[in-house]
Enquirer: 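Starting off with a structure, shown below.
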Amino acid sequence: MNSSEAEVPEPTTADRVHSLLSATSSLTVRALGEHHDLDTPISVHGSRLRLRAPLDAPLTAAAAAAGLAVVLDVTDVSPVAVRDRIRARLTLAGRLHLAHLADDGLSVHLRVDVAHAVLATPYGTGALTAADLALATPDPLARHEAALLTHLADDHADALELLTGLLDPALLTHHPAVRPLALDRHGLVLRLDHSHGHRDVRLVFPEPACDTEDFGHRMHELLTAAQHGLPVHRS
């Protein structure tokens with residue numbers, strides 16, 4: 001078995017969910033037949049989520065009912081302009097609680113006790129329980145992913161062109177536009193976009209990246225492999 005055919009390491013569904021929650025800044029809360037759109041960061045504490053809502057928001061009043069059943073919807077959108085930019089849709093079900101007044105006096109902290117969640121991507125759907133989420137860890141690059149991807153797309157077209165040397169030549173037959181779609185500590189996903197569709201290919205780092213500096217080293221290793229025609233793991 002050559003390296004391109006070996007098993008390709010990827011984040012687990014639970015880790016993807018944790019990473020998405022840690023990096024998102026907006027979500028929709030469904031409660032009592034209403035939809036409430038919130039612009040708020042989310043912090044994850046085991047299987048409990050913390051978010052913020054305006055003090056005068058209808059959702060804040062509804063949260064006063066202890067243990068209000070809610071569904072949260074989070075959409076993962078690629079920060080780079082590509083066709084079909086939605087990378088995943090996350091749905092979580094749980095109970096909403098009013099935690100405490102925020103320091104600004106204008107908003108409140110809410111707590112959601114997650115019961116279960118479903119992550120739907122173009123490649124499949126994965127379900128997880130509260131226990132799964134509690135054991136998950138966020139990807140160290142999750143909060144920096146958007147900045148890293150847009151920097152790569154906007155300022156390093158030459159690097160992207162070089163990385164195509166790591167791809168199966170058959171994928172380049174129709175001269176697709178190559179854009180960075182996603183990244184995590186295990187690797188970089190490229191979107192190959194052409195007139196009749198698209199294909200995503202994951203290029204795996206030789207070693208997982210622990211932080212943004214490490215990510216730079218891992219990218220350098222991929223580019224070196226491309227320059228010298230060395231094989232890398234991909235899917």
Enquirer: Compare every heavy atom of Val44 with every heavy atom of Leu21, then report the nearest pair and how far apart it is.
Expert: CB-CG2, 3.8 Å
Enquirer: Measure the spacing between CG of Leu92 and CG of Asp113 and express it to the nearest 0.5 Å.
Expert: 12.0 Å
Enquirer: Using the rule that two of Ile, Leu, Val, Met, Phe, Trp, Tyr join whenever any of their side-chain heavy atoms come within less than 4.5 Å, decide whether Leu181 and Leu20 are in one cluster.
Expert: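 No, Leu181 and Leu20 fall in different hydrophobic clusters.
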Enquirer: Pair Asp193, Arg179 - check salt bridge (Lys or Arg N to Asp or Glu O under 4.0 Å), show working.
Expert: CA-CA 8 Å; Asp193 215 343; Arg179 304 283 280 169; over 6 Å; no
Enquirer: What's the shortest heavy-atom distance between Leu160 and Ala153, and which atoms?
Expert: CD1-CA, 4.3 Å
Enquirer: Nearest heavy-atom pair of Ala62 and Leu68: which atoms, and what distance?
Expert: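 Looks like O-CD2, 3.5 Å.
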Enquirer: Phe205 vs Phe215 aromatic rings, parallel, tilted or perpendicular, using cut-offs 30° and 60°?
Expert: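 Correct class here is perpendicular.
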Enquirer: Can you give me the closest heavy-atom contact between His186 and Pro9, atom names plus distance?
Expert: CB-O, 3.6 Å
Enquirer: So if I apply the side chain to side chain contact (heavy atoms under 4.5 Å, CB included) rule between Leu27 and each of Ile42, Thr75, Asp37, Leu49, which one comes out positive?
Expert: Ile42
Enquirer: Using the rule that two of Ile, Leu, Val, Met, Phe, Trp, Tyr join whenever any of their side-chain heavy atoms come within less than 4.5 Å, decide whether Leu223 and Leu188 are in one cluster.
Expert: yes
Enquirer: Please indicate whether Gln227 has more than 12 foreign heavy atoms, meaning atoms of other residues, nucleotides or ligands, lying under 6.0 Å from its CD.
Expert: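 Yes, enclosed.
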Enquirer: Would you call Glu145 and Arg87 a salt bridge, taking side-chain N to carboxylate O under 4.0 Å as the test?
Expert: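 Between Arg87 and Glu145 there is a salt bridge, with a charged N closer than 4.0 Å to a carboxylate O.
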Enquirer: Counting the benzene-type ring for Trp, do His156 and His151 have ring centres under 6.0 Å apart?
Expert: yes
Enquirer: Which atoms form the tightest heavy-atom contact between Arg191 and Asp84, and what is the distance?
Expert: NH1-O, 3.7 Å
Enquirer: Grouping I, L, V, M, F, W and Y whenever their side-chain heavy atoms are under 4.5 Å apart, do Val17 and Tyr123 come out in a common cluster?
Expert: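 No; tracing contacts between hydrophobic side chains, which count when under 4.5 Å, never links both residues.
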Enquirer: Yes or no on side chain to side chain donor-acceptor pair (under 3.5 Å) for His18 and Ser22, after CA distance, side-chain angles and deciding distance?
Expert: CA-CA 6 Å; His18 199 319; Ser22 299; 3.3 Å; yes
Enquirer: Would you say Arg143 has more than 12 foreign heavy atoms packed within less than 6.0 Å of its CZ?
Expert: no
Enquirer: Measuring from Leu148:CG to Met219:CE, what's the distance to the nearest 0.5 Å?
Expert: 9.5 Å
Enquirer: Quick one, Arg199 with Leu171, criterion side chain to side chain contact (heavy atoms under 4.5 Å, CB included). Give me CA distance, side-chain angles, the key distance, then yes/no.
Expert: CA-CA 8 Å; Arg199 168 77 179 268; Leu171 298 177; 3.3 Å; yes
Enquirer: From His45 NE2 over to Arg48 CZ, what is the distance, rounded to the nearest 0.5 angstrom?
Expert: 10.5 Å
Enquirer: Applying the salt bridge (Lys or Arg N to Asp or Glu O under 4.0 Å) test to Glu10, which of Arg234, Arg185, Arg16 qualifies?
Expert: Arg16
Enquirer: Check whether any side-chain heavy atom of Leu90 lies under 4.5 Å from a side-chain heavy atom of Val118, and answer yes or no.
Expert: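 They are not in side-chain contact.
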Enquirer: More than 12 heavy atoms of other residues, nucleotides or ligands under 6.0 Å from CG of Asp158: yes or no?
Expert: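 More than 12 within 6.0 Å, yes.
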Enquirer: Looking at every heavy atom in both Ala31 and Leu59, which two are closest together, and how far apart are they?
Expert: CB-CD1, 4.4 Å
Enquirer: With a 4.0 Å cut-off, would you call Asp200 and Arg202 a salt bridge?
Expert: no
Enquirer: Taking 4.0 angstrom as the limit, do Asp76 and Arg89 come out as a salt bridge?
Expert: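 Judged by the 4.0 Å cut-off on N to carboxylate O distance, Asp76 and Arg89 do not form a salt bridge.
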